Amino acid sequence: MLLVAAAARAEDEPATPTPVDSLGGDLVRAFTGPSLLWFGGAALGTALLSPTGGDHAIRVAVVRHVEAPFYGDAAYYGGYVGPAIVAPGIYLSGLLARDPSLAGAGSAATQALAITVVTTVVLKVGTGRPFPLNGGNPRAPDRLEHPEYARDWSPFGFEGRYAWPSGHTSAAVSIAASLTAFAPDQLWVPAVSYPIALGIGFGMMVGDHHWTSDVVSGAFIGQAIGWSVGTSFRERQERRREKTAKTPGIQLVPLLSGVRGCAIVGVF
C-alpha cells in the first residue's frame, strides 16, 4: 500500500536555539527573583572580608604558603581564553551536528557568558577596587604589608582599579552554572565544569591577582546569571519538544479496493 507523508509537519519542526533567544526576558529573570540571593551573597561576603582585614589576612596566607606560579599563570591566561572558546564552541558544534540540544546548551552558555561579562565590567568600573598589588612590583619585599589596599574603594575612578568582582571567576562559573541548569540530568557536567571554574578562581588568589572577596563575589554573580539563563533555555527547549510531540501525523492512503479516491488519516 502506498503511503504519502504530508509536508505540513515540516513547519512544526523545532527551531535551532540561538544565543540571543528571549534575551530581554532572560535579562529580567537574571536580575530578579532567586538570583537576588546570589547577588546579595556577593555583597555580603565582600562586606565581611574587605573592611575587617579578612581579605588581607587570606591573601598573606595563600601567597606565603601556596607557591605555585605556574598554576597562577595558567589560571590567569586560561581564564581569559577558556570561556571565550568553550561557550561559542559548544554552540557551533551543535549547529554543525544539527543537534538542537547541543546548540541549546551552547546558546545558554554563550548568552550567560555575555551577560556576566557586561555585568562584571559595569561593577568593576562602578566600585573601583584596587588589585592586591595596587600597581606595585610583584617582587617588592613589602608587597604583603599593605592591609589598607583591601579597604580602598574608589567608585567610578577610572584609574585601573577594576578588581571587584573577579571576571575570570564570574565568567567560568557562569558557563558551569548555565550548562548544569540546562542539562540537570547530566551529572558529569557539574562534576567537570565546577571544579575547573573554581580552580580558576583559586588560581587568581594563588597568583596574587585578586582578593578573596573578588573571587567569592565573582562566583556568586556567575552562578546567579548562569543558572537563571540555563534554566530559561531548558524550559524553552522542553516546550518545543512538547509541541513537536503533539504535532499530528497526517498521511494520505488509498481506499479499499473497488473504491476510488483516498483518505486522510491522523490525529486532529
Side-chain angles (χ1 to χ4, degrees), residues 38 41-42 45-46 48-50 53-90 109 112-113 116-117 119-121 123-124 127 129-147 149-150 152 160-180 187-226:
W38 292 104
T46 303
L48 293 175
L49 290 172
S50 174
D55 266 333
H56 176 72
I58 296 174
R59 177 202 176 196
V60 172
V62 170
V63 172
R64 285 180 175 174
H65 297 95
V66 183
E67 297 183 5
F70 177 79
Y71 170 41
D73 290 342
Y76 180 78
Y77 294 107
Y80 277 121
V81 178
I85 293 177
V86 171
I90 296 175
L113 176 62
T116 301
V117 168
T119 301
T120 301
V121 170
L123 291 173
K124 284 178 176 291
T127 55
R129 189 183 199 186
F131 292 96
L133 289 172
N134 200 15
N137 187 339
R139 295 180 178 81
D142 65 340
R143 66 190 176 105
L144 298 177
E145 299 176 7
H146 298 280
Y149 291 168
D152 189 10
R161 300 184 173 192
Y162 307 129
W164 193 91
S166 166
H168 285 70
T169 310
S170 64
V173 172
S174 72
I175 293 176
S178 61
L179 293 176
T180 301
L187 299 181
W188 67 269
V189 173
V192 172
S193 60
Y194 274 107
I196 293 176
L198 297 179
I200 289 175
F202 186 62
M204 294 298 98
M205 298 166 56
V206 172
D208 206 18
H209 300 296
H210 274 288
W211 305 101
T212 301
S213 59
D214 298 342
V215 173
V216 171
S217 61
F220 281 10
I221 291 169
Q223 177 68 22
I225 297 174

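None of the values given here were measured: they were computed from a predicted structure.
- When every heavy atom of Gly222 is checked against every heavy atom of Ala177, the shortest pair comes out as O-CB, 4.2 Å.
- When every heavy atom of Pro190 is checked against every heavy atom of Pro195, the shortest pair comes out as O-CD, 3.3 Å.
- For the atom pair Thr120 OG1 and Tyr162 OH, the distance stands at 14.5 Å (nearest 0.5 Å).
- Distance CE/Met205 to OG/Ser213: 9.5 Å, rounded to 0.5 Å.
- Atom-to-atom distance recorded for Ser178:OG and Ile225:CD1 is 11.0 Å, nearest 0.5 angstrom.
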Would Arg129 and Asp55 count as a salt bridge (Lys or Arg N to Asp or Glu O under 4.0 Å) if you check the C-alpha gap in whole Å, the side-chain angles of each, and the deciding distance to 0.1 Å? CA-CA 13 Å; Arg129 189 183 199 186; Asp55 266 333; 2.7 Å; yes
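- Listed for the His168 side chain is a donor-acceptor partner under 3.5 Å among the backbone atoms of Tyr76.
- Within the 3.5 Å criterion, the main-chain N or O of Arg139 finds a donor-acceptor partner in the side chain of Asn137.
- Side-chain atoms of Asp152 and Arg161, non-hydrogen and from C-beta on, do get closer than 4.5 Å to each other.
- The distance from the CE atom of Met204 to the OG atom of Ser166 is 6.5 Å, given to the nearest 0.5 Å.
- For Ser50 (side chain) and Thr46 (main-chain N/O), no donor-acceptor pair under 3.5 Å exists by modelled atom type.
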Evaluate the side-chain contact (heavy atoms from CB on, under 4.5 Å) criterion for residues Val206 and Glu67: first the C-alpha distance (whole Å), next the side-chain angles of each, then the deciding distance (0.1 Å), finally the verdict. CA-CA 7 Å; Val206 172; Glu67 297 183 5; over 6 Å; no
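- Between Leu123 and Ile221, some side-chain heavy-atom pair lies under the 4.5 Å cut-off.
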Derivation and outcome, side-chain contact (heavy atoms from CB on, under 4.5 Å), residues Ile58 and Leu49: CA-CA 9 Å; Ile58 296 174; Leu49 290 172; 4.2 Å; yes
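- For Leu113 against Ala87, the heavy-atom pair with the smallest separation is CD2-CB, 4.1 Å.
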How far apart are the C-alpha atoms of Trp164 and Ser217, what are their side-chain angles, what is the distance that settles it, and do they pass the side-chain hydrogen bond (donor to acceptor under 3.5 Å, both in side chains) test? CA-CA 8 Å; Trp164 193 91; Ser217 61; 3.0 Å; yes
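- In this structure a side-chain-to-backbone donor-acceptor pair under 3.5 Å is missing from Asp208 to Pro132.
- Smallest separation of non-hydrogen atoms from Gly203 and Ala75: CA-CB, 3.6 Å.
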Ile175 vs Ser193, test: side-chain contact (heavy atoms from CB on, under 4.5 Å). Steps then yes/no. CA-CA 8 Å; Ile175 293 176; Ser193 60; over 6 Å; no
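- Between Ser174 and Ala171 the shortest heavy-atom distance is OG-O, 2.7 Å.
- At distances below 3.5 Å, not a single donor-acceptor pair connects side-chain atoms of Arg59 with backbone N or O atoms of Trp211.
- Counting heavy atoms from C-beta on, the side chains of His209 and Leu133 never come closer than 4.5 Å.
- Using a 4.5 Å heavy-atom cutoff, the side chains of Leu179 and Ile90 are in contact.
- Note: His146 and Tyr149 have parallel aromatic rings, judged against thresholds of 30 and 60 degrees for the angle between ring planes.
- To the nearest 0.5 angstrom, Tyr71 atom OH is 8.5 Å from Ile200 atom CD1.
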